[in-house]
Amino acid sequence: MINDVLMHAQALIAAIHSGLKETGGEGVEETLTRLMEQQISGQTFRQPEPLQKAVCEYLPATLASAADVAPALSASLSVLAPQLRWLQSPSYTDAVLGEGFSQNYAWCEIIGPQGFFPGFDFLLGFLLLGPHRHYKDHFHPAPELYWPLTAHSDWKKGDGPFIPRAAGEVIWHPSMAIHATITYDKPLLAVFAWTNDTEIGARLI
């Protein structure tokens with residue numbers, strides 16, 4: 001069982017690597033360079049304690065949509081889904097982000113302290129955001145790459161406007177850049193990576 005999970009976790013990381021390399025875009029080279037520096041062998045593998053959140057009800061539908069963008073990634077993540085540990089920031093409360101936000105938001109790590117491989121000052125995982133949500137302005141020291149695998153989300157950076165982003169389009173946030181996300185009638189599933197300075201979490205504005 002552990003060997004099967006290890007194999008699928010490695011396959012998932014390989015699918016993310018190949019998908020980002022093929023897609024290209026700002027921040028991809030930095031992200032892939034840092035990804036290649038991580039140890040993802042059987043010696044560093046550990047199986048996190050699985051943890052589900054309410055927003056996981058949207059995972060099957062988002063995985064089906066993601067198959068159109070990255071079929072190998074979607075297949076590996078579907079197999080790993082029962083083994084994922086979904087997390088939430090304690091500061092991301094409904095009082096701050098709107099009623100129901102905590103039921104419609106979570107992330108999981110593939111590489112990182114809560115993931116299958118511990119990583120070295122690097123996080124790789126997935127964000128899951130339910131429909132009709134506003135992930136308000138926030139920032140963090142870590143440079144961040146997002147790779148949305150589903151459509152119908154708008155993204156904002158700095159003082160710029162919200163811009164619709166297509167499924168499969170890479171989004172890059174430099175260190176300390178203020179950014180935000182809005183979903184509409186569909187939930188969002190996106191790959192995320194923090195390339196360094198990962199010890200300090202996000203801060204809402």
- Under the ring-ring contact (aromatic ring centres under 6.0 Å, His included) criterion, do H179 and F162 qualify, and how do the steps go? CA-CA 10 Å; H179 52 282; F162 278 98; over 10 Å; no
- Query: Are W155 and I182 close enough, and set up right, to give a side-chain contact (heavy atoms from CB on, under 4.5 Å), and what steps lead you there?
  - Reply: CA-CA 7 Å; W155 299 70; I182 292 177; over 6 Å; no
- Verify side-chain contact (heavy atoms from CB on, under 4.5 Å) between I111 and L123, making sure each step is shown before the conclusion. CA-CA 5 Å; I111 300 176; L123 300 178; over 6 Å; no
- Task: Starting from the C-alpha separation in whole Å, work towards a yes-or-no answer on side-chain contact (heavy atoms from CB on, under 4.5 Å) for F192 and L124.
- Result: CA-CA 6 Å; F192 80 88; L124 178 71; over 6 Å; no
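The 12-atom threshold is exceeded at NZ of K157, counting heavy atoms of other residues, nucleotides or ligands nearer than 6.0 Å. The 12-atom threshold is exceeded at CD of Q52, counting heavy atoms of other residues, nucleotides or ligands nearer than 6.0 Å. Crowding of I205 atom CD1: a count of heavy atoms from other residues, nucleotides or ligands under 6.0 Å exceeding 12. Within a 6.0 Å radius of OH in Y184, other residues, nucleotides and ligands contribute more than 12 heavy atoms.
Under the 30°/60° scheme for interplanar angles, the aromatic rings of H138 and H140 are found to be tilted.
Y58 and V191 fall within the same hydrophobic cluster, defined by Ile, Leu, Val, Met, Phe, Trp and Tyr side-chain heavy atoms under 4.5 Å apart, directly or through other members. L84 and V55 fall within a single hydrophobic cluster, where Ile, Leu, Val, Met, Phe, Trp and Tyr are joined by side-chain heavy atoms under 4.5 Å apart, directly or via other members. Taken together through direct or relayed side-chain contacts under 4.5 Å among Ile, Leu, Val, Met, Phe, Trp and Tyr, L188 and F126 form parts of separate hydrophobic clusters. Grouping the Ile, Leu, Val, Met, Phe, Trp and Tyr side chains by contacts below 4.5 angstrom, directly or via other members, places W147 with L63.
F120 has its side chain within reach of R34: a pair of non-hydrogen atoms, C-beta onward, lies under 4.5 Å apart.
Taking the six-membered ring for Trp, F101 and H132 have ring centres at least 6.0 Å apart.
Nearest heavy-atom pair, W86 versus C56, reported as atom, atom and distance to 0.1 Å: CD1-SG, 3.4 Å. Nearest heavy atom pair, residue T183 against residue G130, reads OG1-O, 2.6 Å. Shown here for A167 and A151, the closest heavy-atom pair between the two residues is CB-N, 3.8 Å. Between H17 and M36, the closest heavy-atom pair is NE2-SD, 3.6 Å. Contact detail for F45 and V5: the closest heavy-atom pair is CZ-CG1, 3.7 Å. Closest heavy-atom contact between T44 and F117: OG1-CD2, 3.6 Å.
T150 places no side-chain N or O within donor-acceptor distance of the main-chain N or O of T62, the cut-off being under 3.5 Å.
Interatomic distance, T31 OG1 to W194 CH2, rounded to the nearest 0.5 Å: 13.5 Å. Atom CG in D154 sits 9.0 Å away from atom CD1 in I163 (nearest 0.5 Å). Atom NZ of K53 sits about 4.5 Å away from atom CG of L51, to the nearest 0.5 Å. To the nearest 0.5 Å, atom OG1 of residue T93 and atom CD of residue E99 are 12.0 Å apart. Taking OG of S153 as the start and CZ of R133 as the end, the distance is 15.0 Å to the nearest 0.5 Å. We find the CD1-CD distance between I110 and Q83 to be 11.0 Å, quoted to the nearest 0.5 Å.
A donor-acceptor pair shorter than 3.5 Å cannot be found between the side chains of Q39 and S41.
Partners of N196 according to the side chain to side chain contact (heavy atoms under 4.5 Å, CB included) rule, which considers only residues two or more places apart in sequence or in another chain, are E30, D121, P143.
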